Amino acid sequence: MAQMQTDEMTNGTVGSEAVIVAENVEKWYDNNFHVLRGVSLTVTKGEVVVVMGPSGSGKSTFIRTFNALERYQKGSIVIDGILLSHDLKNIETIRREVGMVFQQFNLFPHLSVLQNVMLAPIWVRRWTKAKAEAEALRLLDRVGILEQAKKFPGQLSGGQQQRVAIARALAMQPKIMLFDEPTSALDPEMVREVLDVMRTLAGSGMTMVCVTHEVGFAREVADRVVFMDSGLLVEQATPDDFFNHPKEERTQKFLSQIL
Amino acid sequence: MTTTHSPTASPPPLAQIGAIAWVRKNLFSTWLNTLLTVVLVLVIGRTLIGFLYWATTQAKWQLISANLSLFFVGRYPISQIWRIWVALALISTLGGLTWGVLARNVPQLFGRTTLTLLGVVGAIAVLMPAPVPYRILLLAIEGLVVAMAWGGRMIGHRSPKLGQWLAFAWSLSFFVVWWLIAGGLGLTPVGAGEWGGLMLTVFMAVVSILLCFPLGILLALGRQSSLPVIRGLSVGFIEVVRGVPLIALLFVGSNMIPLFLPIGIRPNLVTRAIIGLTLFSAAYLAENVRGGLQSIARGQSEAANALGLNPGLTTALIVLPQALKVSIPAIVGQFISLLQDTTLVSILGLFDLLGISRTILANPQFIGRYAEAYIFIGVIYWVFCYAMSVGSRQIEKQLNTEH
């Protein structure tokens, strides 16, 4: 257990413990569209995995299965040792340990920024208001928007809102952070501030799975890049191998379009 | 090519600004508009003058002044009317305090509109043809409200906890007012059959509004539930109640409600009327809230779920507050309808404001004086409904400044 603590502190070093084990996950939408056709992925502690792929490839759907926002019909997903099933207790335990940041931010507009970040720790982790507030202010400072703590989401820019969303997810002290195209809805000037926060977060040893199109981020921060197409995991490699020596033809085609 | 501008700004020509310009633009801009303006001015003017002539010379306003206590409290025993004044004083105190506390951040508590309103109420109190003690009491009540508002504002600045204390005080006051009106426990009991007039209307409306609001929300949530029995019951209730006219519901309900209750419990007529009104409004309110619920983006509940909030907490903390805020216009509209629907209880034999008016009109002294009676109660209904409208706009404004 001491080993796990030091793993948390080291920069980018991958621990040996697997926190996400997805095996042959298959999912059909209600209209019988086969969106996930048997995807397997293992993510170890402290690893930063970037998932790329054309739209409709099922990459967002796949990471949304990790915190049960999407259900799957076949295969198995084990998060932090807990099997993800229809058991509500398991789902709620898992959701406490998995934080998610959405493309559309999804901040709560009727609460202030500070209240947004404090809400979950108070109601789910049962912290006192004082403890939650102190932690929330610390996190808001960490993402660089302490001055906006009393404002409401509607008064912030997109980049600021997304950073609040990251702080809100971090307030629950999750073991894994999922990012579903966090910068796709942002103006280009604001993309950088959010990526900087994510970069720092990765540097502190957080296990992250990001769906993104930001090639620069993937090259610099990712431990592994995964390519999905049409519901299948086509290729995965280190950023260097992935971007410079792609093996599969579909990967090469995709890269030729985005690079 | 260079353009020259005049060195200093000058005001626009007189004919282009202010009232004259407005009149020219809107009333007399084209021949058709001018013609319409002239015709309408003649028609409206003539109607208005005719009405004023009737109101000042031919109308018998004694109908109102002679029956004031009937209009306001129905057939309540005269010797016990002091209890109504006490109840009114209690409500005014709390109302004034609440006003003061809610308006503590407004720069000027007594703005122009407020002062005008207070002035109008004061004028009515002074001028109305009623016995002097009543006029003094009315002025005293007005003074109480003003003093409490001022006091509430002071206290509101000092201690923010006052809001919670006030909420508790309001809940307590409901029972105190009920006790004051109904009697028992030391006060002479006054049966519900003797309640009437404006007091009965307001009592039924307030109780029905307070009860139908949570019930409507529960029905709306039940309709969206994934449990088939709850959803079935909610949908069934809503669709049955919405398909039936209120008058039929009141009539049938007042006869059938005692059948559902254990033998021995026989609720009085007012209670049965309130139950009918509550169930009716709850069904419509449920649909208004459901509309609001559907307008909330799915991402909100997804984000709440992703944070680990269970469905109950997600609904209570995230979805419902936003849904209710969006539904305020529809909900308040439903409450206004409810106030006006209380007039139907006269079918059951209750003497609400409308019912008592018909009784007054049956008096040989006032036969045929429909206009005076109905204009009077029409104005009273309008005042209450408009107050609700204004209140709802204030609530919306407050909720919007928060975000």
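Note: hydrogens, waters and symmetry copies are ignored here, and every other heavy atom, side chains too, is used. Below, read A as the first sequence line, B as the second, and so on, with proteins coming before strands; counting in each chain starts at 1. The structure displayed is predicted, hence computed values, not measured ones.
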CE on M172(A) to CG on L309(B), rounded to 0.5 Å:
7.5 Å
Considering non-hydrogen atoms only, spot the tightest contact between R95(A) and G308(B) and give its length.
CB-CA, 4.0 Å
Residue W127(A) excluded, over 12 heavy atoms near CH2 under 6.0 Å
yes
Is atom CG of D30(A) surrounded by more than 12 heavy atoms (other residues, nucleotides or ligands) closer than 6.0 Å?
no
Within the distance-only criterion (no hydrogens, no angle test), does the side chain of H110(A) pair as donor or acceptor with the backbone N or O of L399(B) below 3.5 angstrom?
no
So which heavy atom on A303(B) is nearest to which on F102(A), and how close?
CA-CE1, 3.6 Å
Can you tell me which portion of I318(B) sits under 4.5 Å from chain A's heavy atoms? Options are side chain, backbone, both or neither.
both
Among R168(A), R125(A), E92(A), E97(A), residue most engaged with chain B (heavy-atom pairs, under 4.5 Å):
R168(A)
Only distances under 3.5 Å count here; give the side-chain donor-acceptor pairs of residues 275-283 of chain B to other protein atoms, sequence neighbours excluded, each with its distance to 0.1 Å.
from	atom 1	to	atom 2	distance (Å)
T278(B)	OG1	I274(B)	O	2.6
S281(B)	OG	L277(B)	O	3.3

With a sphere of 6.0 Å drawn around CH2 of W170(B), does it hold more than 12 non-hydrogen atoms of other residues, nucleotides or ligands?
yes
Check for a donor-acceptor pair, side chain of Q300(B) on one end and backbone N or O of L107(A) on the other, with a separation under 3.5 Å.
yes
Does any heavy atom of chain B fall under 4.5 Å from the side chain of F108(A), the backbone, both, or neither of them?
both
Is L178(A) close to chain B through its backbone or its side chain, or both, or neither, when contacts mean heavy atoms under 4.5 Å?
neither
Show every salt bridge (Lys or Arg N to Asp or Glu O under 4.0 Å) that has at least one partner inside residues 287-315 of chain B, sequence neighbours left out.
R64(A)-E302(B), R223(B)-E287(B), R242(B)-E287(B), E287(B)-R290(B), R298(B)-E302(B)
Would you find more than 12 non-hydrogen atoms of other residues, nucleotides or ligands less than 6.0 Å from Y386(B) atom OH?
no
Spacing of CH2 belonging to W123(A) relative to CG belonging to N310(B), to within rounding of 0.5 Å
10.0 Å
Would you mind checking which part of V124(A) comes under 4.5 Å of any heavy atom in chain B, side chain (CB onward), backbone (N, CA, C, O), both or neither?
side chain
Could you look at A304(B) and say if it's the side chain, the backbone, both or neither that has a heavy atom under 4.5 Å from chain A?
both
Where is the tightest heavy-atom contact between A120(A) and L307(B), given as atom of each residue plus distance?
CB-CB, 3.9 Å
